[in-house]
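Working notes, structure below.
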Amino acid sequence: MNRTAAIRIHRLARRIADAGFAEIRRQLAYQTLWYGGRLVVADRWYPSSKTCSGCGTVRTKLALSERTYTCTTCGLVLDRDVNAARNLAAPAATVAGRGGLVAAKRLPGAKTGTVPPQGRTSTQVLTSASWEER
């Protein structure tokens, strides 16, 4: 399926394409910090679909048409998207296990933040101290 066909299939895809993923990531960054959480971002080239979520073996090639991931090392058979989701969830769980915070609902009366000024890039790391300075 090409990109234009995928956009036609999903109603939400048009809005996502209009907003752009950079804007979504920027909003996730400030909202996660605002709610006292931590945003874990996987590298753009992280092979989440090619890596076995069971044993960690990385396949060299995986065609987009292959919808089921089959590991030749441990024999795991799993939907490709579920396998990728497990691989992406693992680093977030590791960070949370090391004392990382999970975004939670704020208590009434808690200090709120504001949207950072326009022109900031999503690659800037926001800490609670740098956020307070704004």
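- Within the model, atoms CG of N83 and OG1 of T51 stand 7.5 Å from one another, a figure rounded to the nearest 0.5 Å.
- Annotation: the span from R59 atom CZ to K50 atom NZ amounts to 9.5 Å, rounded to 0.5 Å.
- L78 forms part of a hydrophobic cluster together with L76, V82, judged by ILVMFWY side-chain heavy-atom separations under 4.5 Å.
- In this structure, CG on N87 lies 7.5 Å from SG on C52, to the nearest 0.5 angstrom.
- Remark: T72 pairs with no residue by the side chain to side chain contact (heavy atoms under 4.5 Å, CB included) rule, at least two apart or across chains.
- In the hydrophobic clustering, V58 connects to no other residue, as no ILVMFWY side-chain heavy atoms lie under 4.5 Å from its own.
- Contact between R67 and D81 at its shortest, heavy atoms only, is NH2-OD2, 3.0 Å.
- The heavy-atom pair separating T32 from R38 by the smallest distance is CG2-N, 3.3 Å.
- Note on I24: it clusters hydrophobically with L39, by side-chain heavy-atom contacts below 4.5 Å among ILVMFWY residues.
- The line from OH of Y69 to OG of S49 is 9.5 Å long, rounded to the nearest 0.5 Å.
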